[in-house]
Amino acid sequence: MMRDWVPWPAEFADRYRREGYWAGQPLGALLRDSCVRHAGRVAIVHDDCRLTYRDLAERSGRLAARLHSLDVRATDRVVVQLPNVPEFAVLLLALLHIGAVPVLALPGHRRVEITHLCTHSGAVALAIVDRFRGVDYRQVAREVRPGAPDLRHVLVAGDAQEFTGWEGEDIVPEPHRPDPGEPALMLLSGGTTGLPKLIPRTHDDYAYNARTTAEALRFGADGVYLAVNPLGHNSALGCPGLLGALLVGGTVVLTSGVRPDEVFALVRRERVTLTTVVPSVLRLWLDAAERTGTRLPDLLLQVGSAKLAPAWAGRVREVLGGQLSQWFGIGEGLLTYTRLDDPDEVVAGTEGRPLAAADEIRVVDPDGRPVPAGEVGELLARGPYTVRGYYRAPERNAESFTEDGFFRTGDLVRLRTDGNLVVVGRLKDVVNRAGEKVPAAEVEEHLLTHPEVLDAAVVGVDDPVLGERAVAFVVPRGGGLDAGAVKRYLRERGLAVFKVPDRVVPVTGLPRTAVGKVDKVALRTSVASVP
Ligand code: AMP
């Protein structure tokens, strides 16, 4: 049994089981069954590598043996920081085989985040690749180790150097049979307050999440999913993503690049039927498709993680010939989707309806009272795959969940009378940079450690390519402050690359509201006038 997480109250768990949301099967067992049922079909494609379901089962069994011989056991946490490579799937299945709990980091994380994830989760191991796209992850691991005393192993796919090699072993242990109501893996919150919080997702809830999104998007055994977003992110992992595709016997094509020419060629070569992208990537692809006259009529584009302007939504069919599904999703659970047979106006102008009939949503004012129908308020959610708390975070839980178990999303929405949701903004102080969430408070804290910085505020401003970019306003202590040096300083502190502000603007003071808070609205407005 894992401790320090918040299960659903018994009456809710009973209901979700009774009504069939929770199937009572461990995620690992479901995936192993799929590997048997679809043994000869292709599970994973990456460059020249093609793994059948049989290969995937065999490799993950051998890696499970390796992990077992390293004394990694059920409920042990393992931080996984891998890019979109086949080893990701092999490792995930291996960890589920032995009942260890993957903590899913993103490839953009660096020393600060990985150290936090290792210490906060009490991880016994960190799994990385040797190098990827110019980053030596072994070097990051070297920087992490002194701050993460519980870490017994750094497992490296590729050249392990002084760390532990990845090669499989022969004596495959019996699969662990966890209670399906227990956490299977941990996602990271894209939240507001500093470093990511850990979201324990249970076997029951995440299997439902993955399977039902596949069904909602009519993705079956003949489906081919292209993973563009990082596999460690909910969007490409379980919505339906890698897990949904594997559960139904489909094929997952892996890439980390978003270059239109490469992606279009890949979509054609592998006959991709579904992919999930953020709006900035969609815009890039649409522009390129228009220039080159590319049509991809068999492709369903699932677009979310940040707001997509309705004008762009309309161009998917017009330019690419493909179909669009907009979605709103949070690592904590709730997913809303536009369905394939929804009218165009719904697909272009809303983020759709909740996935489950048992999803409960409320739209409330700042005092927590429901707003009148159709008006804007904060979205709260509760349901069969929306968690009841973060891992090891009682204080955060008290702020982030209502007493009756609704998660406060921090997003401002309007619920239409037809049940479709429209996201209009957010309460949370987060910059949504091409779908990557940058908590302003965390970056500000790092800026304030710079000896020459007296005060700092980070805001998101509209950007035609990224959706939003981060601008840091800094008040220097004395004379001038070199913006480039400030960015370098943040990188050297080991902050994730996507959190380093796009611009650093020295100012003599920060505007304040009547109660003395930094006036971020004024700052955002002032950006337009900064040369
Ligand atoms: P994450 O947990 O990283 O997936 O981030 C969840 C957050 O992404 C939500 O709370 C929203 O702020 C944002 N988000 C997700 N989908 C959308 C969408 N379709 N439109 C606008 N914001 C979105």
Side-chain angles (χ1 to χ4, degrees), residues 104-109 113 117 185-193 195-201 206 209 213 229-239 241 276-283 301-310 312-313 316 324-338 346-355 361 363 376-381 385-387 390 396 400-401 406-415 420-440 442 460 462 466-468 496 498-499:
L104 295 155
L106 300 176
H109 287 146
E113 294 83 12
L117 295 176
L185 49 86
M186 295 201 210
L187 300 175
L188 309 187
S189 71
T192 33
T193 43
L195 287 159
K197 297 181 282 288
L198 301 180
I199 309 168
R201 302 293 302 258
Y206 212 52
N209 193 107
T213 37
N229 285 356
L231 286 173
H233 189 264
N234 188 33
S235 57
L237 184 68
C239 301
T276 319
V277 291
V278 295
S280 52
V281 170
L282 177 73
R283 291 193 294 265
L301 286 141
Q302 192 190 3
V303 182
S305 287
K307 185 77 191 171
L308 177 67
W312 285 91
V316 171
L324 170 71
S325 166
Q326 287 213 58
W327 75 296
F328 164 89
I330 51 175
E332 289 82 356
L334 178 73
L335 304 173
T336 69
Y337 279 81
T338 63
V346 170
V347 177
T350 82
E351 278 74 29
R353 303 189 303 281
L355 186 65
I361 59 182
V363 183
V376 172
E378 186 190 4
L379 173 67
L380 311 187
Y385 59 98
T386 298
V387 299
Y390 295 109
R396 291 270 172 270
S400 306
F401 293 82
F406 278 79
F407 174 62
R408 301 181 207 271
T409 65
D411 290 304
L412 293 173
V413 303
R414 195 159 60 74
L415 186 60
N420 287 297
L421 200 76
V422 179
V423 181
V424 297
R426 64 179 173 268
L427 284 172
K428 302 185 286 190
D429 196 6
V430 177
V431 182
N432 193 337
R433 189 181 187 281
E436 306 259 32
K437 312 306 179 315
V438 182
E442 185 193 354
D462 291 344
L466 300 167
E468 276 190 337
F498 59 82
K499 292 185 191 163

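Indexing begins at 1, ligand by ligand and atom by atom, following the structure's order. Since the model is a prediction, treat every value here as computed from it, not as a measurement.
- With rounding to the nearest 0.5 angstrom, the CG atom of L427 is 8.0 Å from the CG atom of D411.
- Considering Q302, R353, E351 as possible partners of Y337, the one that fulfils the side chain to side chain donor-acceptor pair (under 3.5 Å) test is Q302.
- Of the candidates D411, L334, V430, V278, it is D411 that places a heavy atom closest to atom 9 (C) of ligand 1.
- Between the choices G333, G331, S235, the shortest heavy-atom distance to atom 2 (O) of ligand 1 belongs to G331.
- Among G467, G352, S305, the residue whose heavy atom lies nearest to atom 16 (N) of ligand 1 is S305.
- Using the six-membered ring where Trp is involved, F498 and H109 have ring planes that are tilted, between 30° and 60° apart.
- Legend: residues meeting salt bridge (Lys or Arg N to Asp or Glu O under 4.0 Å) with R433, ordered by chain and number and at least two apart, are D502.
- Atoms of ligand 1 lying under 4.0 Å from any heavy atom of A306, numbered from 1 in the order shown and given with element: 16 (N), 17 (C), 18 (C), 19 (N), 20 (N), 21 (C), 22 (N), 23 (C).
- Taken to the nearest 0.5 Å, the CG atom of L335 stands 6.5 Å off from the CG atom of N234.
- Residue contacts with ligand 1, taken as heavy atom pairs separated by less than 4.0 Å, do not involve S189 at all.
- Atom CG in L117 sits 10.0 Å away from atom CG in L104 (nearest 0.5 Å).
- Residue-to-ligand polar distances place K437 within reach of ligand 1: an N/O pair is separated by less than 3.5 Å.
- Residue contacts with ligand 1, taken as heavy atom pairs separated by less than 4.0 Å, do not involve Q326 at all.
- Atom CG of N432 and atom CG of L466 lie 10.5 Å apart (nearest 0.5 Å).
- Remark: ligand 1 atoms within the under-4.0 Å shell around heavy atoms of V423 are 21 (C).
- The distance from ligand 1 to the heavy atoms of E351 drops below 4.0 Å at these ligand atoms: 19 (N).
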